[in-house]
J.: 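Structure below; questions to follow.
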Amino acid sequence: MSRLAGVLLVCGFILFSMADLVYAAGAPGIVFYVSPGGNDSFSGKSAQVTAPNGPFKSIKRAQQAVRDLKAQKKVIVPVTVYLLGGRYETTESLVFTPEDSGTEQATVIWAAYKAEKPVISGGKLITGWKQSENGRWTAEVPGVREGLWKFRQLYVNGESRQRARIPNEGFLRIAGTPDGGVEVNYATPAQRFVYRHGDIDPNWKNLNDIEIIVYHYWVDVHLPVKSVDPSNNMVTFARKSSRRLTDDFKPEGARYIVENVYEGLDSPGEWYLDRTTGILTYFPKPGEDMRTAEVIAPYTTQLVDFRGEPEKLRPVEHITFRGITFMHANFDLPTNDAGDLQAANTVPGAIIARGMRNCAFDGCTFKNLGTYALQFAEGCTDNRVTGSEIAFIGAGGIRVGGGTPDTSPLLHTGGTVISDNHIHHLGEVFPAAVGVWLGHTNANQVIHNEIDHLYYTGISIGWNWGYTRSVSRDNVMEYNHIHHVGQGMLSDMGGVYMLGIAPGTVVRNNLIHNIESWGYGGWGIYTD
């Protein structure tokens, strides 16, 4: 054998021993496949479900395969993980750390395979339905009676259903409060109010599982019932509101509804969860067959959790999600949180990131989530959300905000591009949430989006009231179509809402219409 032939043989061995790992020049890169019908013992190198090279079954197995490549230093070209169509149920967050990162030349892409529709779901299927009385159906939900699972949303055949409520339409009115009259500052805490005779019944089933939701000012207040005293028509709650409950920019008294009340289960499409027995009761809509219906209750709060370490300069970076649907994130307020902060600011994102850099969500769908859809927190820079749909969300669309003027610059967040998205039908659980929230953050671009059908504000910019130092600066909002905002639910809001010092802010060439507040406010552009 000649020396040249020997060299070619060795080079060929090196190249092709890496088959399907590092491709020859001009090839698209490394490819793995995942399918709900796959097997984690397969190699993941083929979309065809056949051993031994068929698709992985789980996203975590594919994630480990990418990490193994990095450990072998074989990621010198882009890596694409294709998800075949189907539902990928996750009962815990998919966690991405710096070890999952790509590079500028070798991005890691998680993408839908061809035209298929993969769904990452944080929900669980509810099965075993039995016909009950008066047209209702029941199912026992494992883990509820044991206190391991509580949910406040339910989806039947892909559509959200209403927790049993009183009244079915409109609102009840608070009659008064013993914690101060109209002369008391609105920020006076309150833990009880006087109801009008007949509006609340102390004999309702599972009284402590009932939640009263008060709508006033620019917030919604979520108050679990502790006790009801019919002698003076007083209802007391298990948590405090940080704001006085009585007024609402109108003299009639603040509006409220009662939810998760069994006695309110009287209309098709309503449901009730009895946490003492674990029994879920549902009143089907016409045409719904509970023997074949897909019923999903959300279980996992964070579907994807990006855990970079910005303080140590260890970001999660160069990861792209493309064409993937994210659904069914669960969330309930902590014991001491009434949810009454502006913009539903204590509600997290179903996708949450810290220390994420140069990552993207392109052509994705975020639907039927009980939280905000996405949250870019401390140390997130130069990320993108493009060409996506965010729809039918419990809170808001996108939250961007990290470190304050008093924290390390490594924790500051900015440079986010939010463009060409349709963000709509938000605030289904927390109406005070906004379409795009830019808090302590700078140099973001919110452009060419349609934002519509929500109850508070389309785009909110800035998070310091007054003339104190602010990270908020150089944010650009242009060519957005913002409409049907407020819808008569809350006050002190607008299509674009700006708060505090924010040098370099630009709001231009937006089409804003149908902005309707409950009482005070309701502007196209609101400079607070």
Side-chain angles (χ1 to χ4, degrees), residues 180 183-190 214-221 240-245 247-249 254 337-348 372 375-378 395-407 409 411-414 416 427 430-444 446 454-477 482 485-486 489-507 512 515 517-528:
E183 74 282 355
V184 180
N185 184 280
Y186 75 87
T188 302
V214 181
Y215 306 94
H216 69 150
Y217 298 120
W218 48 90
V219 297
D220 46 281
V221 189
K240 286 185 178 182
S241 167
S242 63
R243 291 176 169 85
R244 181 167 51 89
L245 296 171
D247 67 326
D248 189 23
F249 293 123
D337 183 3
D340 52 0
L341 290 184
Q342 185 173 350
N345 197 249
T346 59
V347 182
Y372 270 82
Q375 180 178 359
F376 299 96
E378 293 88 350
I398 302 172
R399 288 184 55 177
V400 184
T404 70
D406 300 320
T407 61
L411 299 179
H412 289 181
T413 293
T416 316
F430 304 100
V434 303
V436 176
W437 179 84
L438 305 177
H440 298 294
T441 183
N442 69 287
N444 303 283
V446 183
L454 61 158
Y455 299 105
Y456 179 55
T457 283
I459 301 172
S460 180
I461 314 158
W463 203 237
N464 279 2
W465 196 92
Y467 296 92
T468 57
R469 289 190 307 142
S470 175
V471 174
S472 180
R473 62 177 300 135
D474 301 318
N475 294 302
V476 176
M477 277 64 56
I482 304 168
V485 174
M489 176 67 78
L490 297 174
S491 304
D492 198 59
M493 40 70 65
V496 176
Y497 176 101
M498 293 179 282
L499 184 66
I501 291 293
T505 300
V506 176
V507 180
I512 304 173
I515 312 298
S517 73
W518 166 249
Y520 171 78
W523 293 282
I525 299 175
Y526 179 12
T527 52
D528 198 354

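Position 1 is the first residue of the sequence, and the numbers go up from there.
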J.: If you measure from CD1 on I459 to CD1 on I512, what distance do you get to the nearest 0.5 Å?
T.: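 One finds 7.5 Å between CD1 of I459 and CD1 of I512.
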
J.: For the atom pair CD1 (I461) and OG1 (T505), what is the distance rounded to the nearest 0.5 Å?
T.: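 Between I461 CD1 and T505 OG1, I get 6.0 Å after rounding to 0.5 Å.
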
J.: Can you see which heavy atom on I515 is nearest to which on G524, and at what distance?
T.: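 For I515 versus G524, the nearest heavy atoms are CG1-CA, 4.4 Å.
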
J.: How long is the straight-line distance from CZ of R399 back to OG1 of T416, given to the nearest 0.5 Å?
T.: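 Atom-to-atom, T416:OG1 and R399:CZ are 13.0 Å apart.
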
J.: Atom OG1 of T346 and atom CG of D340: how far apart are they, to the nearest 0.5 Å?
T.: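 Spacing of OG1 (T346) from CG (D340) equals 8.0 Å.
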
J.: Between I501 and N464, is any pair of side-chain heavy atoms under 4.5 Å apart?
T.: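 I501 vs N464: side chains apart.
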
J.: Are any non-hydrogen side-chain atoms of Y215 and D220 less than 4.5 angstrom apart?
T.: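 Counting from C-beta outward, Y215 and D220 do come under 4.5 Å.
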
J.: Heavy-atom distance under 4.5 Å between the side chains of V446 and N475, does that happen here?
T.: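 No, their side chains stay 4.5 Å or more apart.
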
J.: Within this structure, what is the CG-CZ distance for the pair L438 and F376, rounded to the nearest 0.5 Å?
T.: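 Spacing of CG (L438) from CZ (F376) equals 11.0 Å.
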
J.: Please step through side-chain contact (heavy atoms from CB on, under 4.5 Å) for the pair V436 and M477, ending with a clear verdict.
T.: CA-CA 10 Å; V436 176; M477 277 64 56; over 6 Å; no

J.: Check G521 against S517 and note the closest heavy-atom contact, atom names and distance.
T.: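 In terms of heavy atoms, the two residues are closest at O-OG, 2.9 Å.
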
J.: For Y455, I'd like to know if atom OH has over 12 heavy atoms of other residues, nucleotides or ligands within 6.0 Å.
T.: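 Check fails, neighbour count at 12 or below.
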
J.: Minimum heavy-atom separation for Q342 and Y497, please, with both atom names.
T.: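 Taking Q342 first and Y497 second, the nearest heavy atoms are NE2-OH, 3.0 Å.
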
J.: Check the angle between the aromatic planes of W523 and Y520 and answer parallel, tilted or perpendicular using the 30° and 60° thresholds.
T.: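 W523 vs Y520 ring planes: perpendicular.
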
J.: Please list all pairs passing the side-chain hydrogen bond (donor to acceptor under 3.5 Å, both in side chains) test where one or both residues lie in residues 433-443, with sequence neighbours left out.
T.: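 Applying side-chain hydrogen bond (donor to acceptor under 3.5 Å, both in side chains) to every pair that reaches into residues 433-443, excluding sequence neighbours, yields T441-N444.
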
J.: If you define the side chain from C-beta out and look only at heavy atoms, does anything of D492 sit under 4.5 Å from Y526?
T.: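 Answer yes - side chains close enough.
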
J.: Measure across G486 and M493 and return the closest heavy-atom pair with its distance rounded to 0.1 Å.
T.: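 Looking at all heavy atoms of both residues, the closest pair is CA-CE, 3.6 Å.
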
J.: Find out whether S241 and V214 are in side-chain contact, i.e. whether some heavy atom of one side chain is under 4.5 Å from a heavy atom of the other.
T.: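 S241 vs V214: side chains apart.
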
J.: Could you report the tightest heavy-atom contact between A433 and A395, atom names first, then the distance?
T.: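 Reported closest heavy-atom pair: CB-C, 3.2 Å.
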
J.: State the CG-CG distance between N345 and D337, to the nearest 0.5 angstrom.
T.: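 If I round to the nearest 0.5 Å, the distance is 10.0 Å.
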
J.: State, to 0.1 Å, how close V219 and A432 come at their nearest heavy-atom pair, and which atoms those are.
T.: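 Where V219 meets A432 most closely, the heavy atoms are CA-CB, 4.0 Å.
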
